[in-house]
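Attaching a single structure in structure tokens format; questions to follow.
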Number of protein chains: 2
Amino acid sequence: MTTTRPLRADAARNRRSLLAAAADEFAERGLDASVADIARRAGVGKGTVFRHFATKDDLIAAIVLDRIDELNTAGQRLLEAADAGTALLEFLTVAAHQRQQRDLSFLHEAGGVNAEVARVREEMYRTVHRLVDRAREQDAVRADITGTDIILLMCAPNYVASYVPDAPPDLWRRYLAIIFDGLRPEGAHPLPHPPPTSA
Amino acid sequence: MTTTRPLRADAARNRRSLLAAAADEFAERGLDASVADIARRAGVGKGTVFRHFATKDDLIAAIVLDRIDELNTAGQRLLEAADAGTALLEFLTVAAHQRQQRDLSFLHEAGGVNAEVARVREEMYRTVHRLVDRAREQDAVRADITGTDIILLMCAPNYVASYVPDAPPDLWRRYLAIIFDGLRPEGAHPLPHPPPTSA
DNA sequence: TAACAAGTTGACCGCCCGGTCCGCTTATTG
DNA sequence: CAATAAGCGGACCGGGCGGTCAACTTGTTA
């Protein structure tokens, strides 16, 4: 294990502003936001970005890692809830709310390379599966959906809402509600296609 | 009106291969696919692309125009169907199937500038509104959803399925079915957010 | 406070993109 | 078949990107 000495005070401060600036910039402009813009927003030089994060992808990975971790923590907590259906809905609410801003759904795509991201993501996926299993056992969701389905549907409400030009910030709630109604057992019609196995 | 003389035979052929190649390339790689790659795939020089389409955006607009037109035609036809609920579901099926490949949802974004695209799109939107109104009158969908909701949800099944690495080509059917179940009146829970007005 | 390592910076590099341009090719036409 | 213009192609351009580097500044430590 590499025991790294603590960052210098100013360096630590810069690192924080950089992460915040990058999160904002990515949220507003998507992953195409330029490193130069992020640096400007954080009030540092471009070189500083690359001192803290070897590549742009590493910067993205650092942010995604945080988000996934928060999400996983929330999920773990919700596993304790008595009502598994409400717990699942709340998990999806947290997931959507966390990135209510523009599409951060790169959560799935980003850091396909980065091992750490892959690890934490797998962990979060396992939590989701457990949440779904509990909800299914309590007949709070239809019997024919899987954890993978929910993982895939997780980002859909934000995606849908993102097409509205000047959308109110919580428009996604509307579409989460519609989709969640589609997950309930009442009035469910059989699904025409089996669930995907991977992802 | 500008009466343009007919294209030369080879030029017409090139135009067709170009449109096909561009559609494929965009479908596979998204809108970031480079003009050079499209030209190569079509077996022509890069200059030829710009002879037929003044800018890359114009090329995109030409493709999107076709797609929207097809969609609108299908919608018009389905307005005649007796069962408005089934008609709406089939419309969404056509919409998803048409771009079963990777995200062509730029349907909404693309050609925000192009007047022709805007016109045809508005027309298609009107058709969707009529399909939804008919379905609502027949109680085939819940009372609290609007045409705009369906327009927004239209691309969601493909979006969701696109996250699965080697997804079977019609995985979207599964998610369309789930979402459509959420649109039915049976077991509908009240929506927490009013529908968007624009878009 | 002196000395050093850690951190910062912006000019710079190579790359790839959309778009231009002009010399060449070729379908069309009488 | 000759003449012509429509069409073609690829070298080229400016710009913006991610990433590098060497000269400079600054927090830290004894």
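Below, chain A is the first sequence line, B the second, and so on; all start at residue 1.
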- Message: Nearest whole Å is fine: how far is dG18(D) P from L18(A) CG?
- Response: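 From L18(A) CG to dG18(D) P: 14 Å.
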- Does a side-chain N or O from R51(B) land closer than 4.0 Å to OP1 or OP2 of dG7(D), or not? yes
- Within the structure shown, what part of the strands sits under 4.0 Å from V49(A) by heavy-atom distance: base, sugar-phosphate, or nothing?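 Nothing, no nucleic acid heavy atom in range.
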- Distance, rounded to the nearest Å, where F53(A) contributes CZ and dG18(D) contributes P: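 Answer to the nearest Å: 15 Å.
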- Task: Using atom CG of L59(A) as one end and atom P of dG18(D) as the other, report the distance to the nearest whole Å.
- Result: 10 Å
- Atom CG of D32(A) to atom P of dG18(C): distance rounded to whole Å?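 Computing the D32(A):CG to dG18(C):P distance gives 12 Å.
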- Task: Quick one: sort the Y159(A) and Y159(B) rings into parallel, tilted or perpendicular, breaks at 30° and 60°.
- Result: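 Aromatic pair Y159(A)/Y159(B) classed parallel.
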- Task: Identify, between V35(B) and A11(A), the residue whose nearest nucleotide on DNA chain C lies closer to the 5' end.
- Result: A11(A)
- R40(A) CZ - dG10(C) C1' separation (whole Å): 12 Å
- Query: When rounded to the nearest 0.5 angstrom, what is the spacing between CD1 in I63(A) and CD in E25(A)?
  - Reply: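 Those atoms lie 10.5 Å apart.
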- Measure from the side chain of V44(A), starting at C-beta and using heavy atoms only, and say which of dT9(C), dG18(C), dA27(C) lies closest. dT9(C)
- Base, sugar-phosphate alone, or nothing: which one does A12(B) contact when heavy atoms must sit under 4.0 Å apart?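 The answer is nothing, as A12(B) stays clear of every strand by at least 4.0 Å.
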- Query: Does the side chain of N14(B) get closer than 4.0 angstrom to OP1 or OP2 of dG7(D) through an N or O atom?
  - Reply: no
- Can you find a side-chain donor-acceptor pair between N14(B) and T48(B) that sits under 3.5 Å? no
- Message: Just N and O in the side chain of H52(A): are any of them under 4.0 Å from OP1 or OP2 of dT8(C)?
- Response: yes
- Query: Do Y175(A) and D149(B) have side-chain N/O donor and acceptor atoms under 3.5 Å apart?
  - Reply: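 Result is yes, a qualifying pair exists.
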- Message: Taking any heavy-atom pair under 4.0 Å as a contact, classify A39(A): base, sugar-phosphate, or nothing.
- Response: nothing
- Residue met sooner reading DNA chain D from 5', once A54(A) and D37(A) are mapped to nucleotides: D37(A)
- Item | Upstream residue (5' side of DNA chain C) when R13(B) and T55(B) are each assigned their closest nucleotide |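 The 5'-side residue here is T55(B).
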- Task: Take the protein atom CZ of F50(B) and the nucleotide atom C1' of dG19(C), then report the distance between them rounded to whole Å.
- Result: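 It works out to 5 Å between those atoms.
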- Message: With a 4.0 Å cutoff (strictly under), does any side-chain N or O of T48(B) reach OP1 or OP2 of dG9(D)?
- Response: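 True: T48(B) side-chain N/O within range (under 4.0 Å) of dG9(D) OP1/OP2.
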- Query: Would a 4.5 Å heavy-atom cut-off, applied to side chains only, mark R184(B) and H189(A) as touching?
  - Reply: yes
- Phosphate OP1/OP2 of dG7(C): any R8(A) side-chain N/O under 4.0 Å: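 R8(A) to dG7(C) OP1/OP2: no side-chain N or O under 4.0 Å.
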- Message: Nearest to the K46(A) side chain among dG19(C), dG19(D), dT8(C), which nucleotide is it?
- Response: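 The answer is dG19(D), which lies nearest to the side chain.
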- Query: Which nucleotide sits closest to the side chain of L7(A): dG18(D), dG18(C), dG7(C)?
  - Reply: dG7(C)
- Rounding to a whole Å, what distance do you find between R29(A):CZ and dC17(D):P?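 To the nearest whole Å, that distance equals 10 Å.
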- Using a strict cut-off of less than 4.0 Å between a Lys/Arg side-chain nitrogen and an Asp/Glu carboxylate oxygen, indicate whether D10(B) and R13(B) qualify as a salt bridge.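 No salt bridge links D10(B) with R13(B).
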- Message: Given dT26(C), dT28(D), dG18(D), identify the nucleotide with an atom nearest to the side chain of K56(A).
- Response: dG18(D)
- Query: What is the distance, rounded to the nearest whole Å, between atom CZ of R15(A) and atom C1' of dT8(C)?
  - Reply: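 Taking CZ of R15(A) and C1' of dT8(C), I get 16 Å after rounding.
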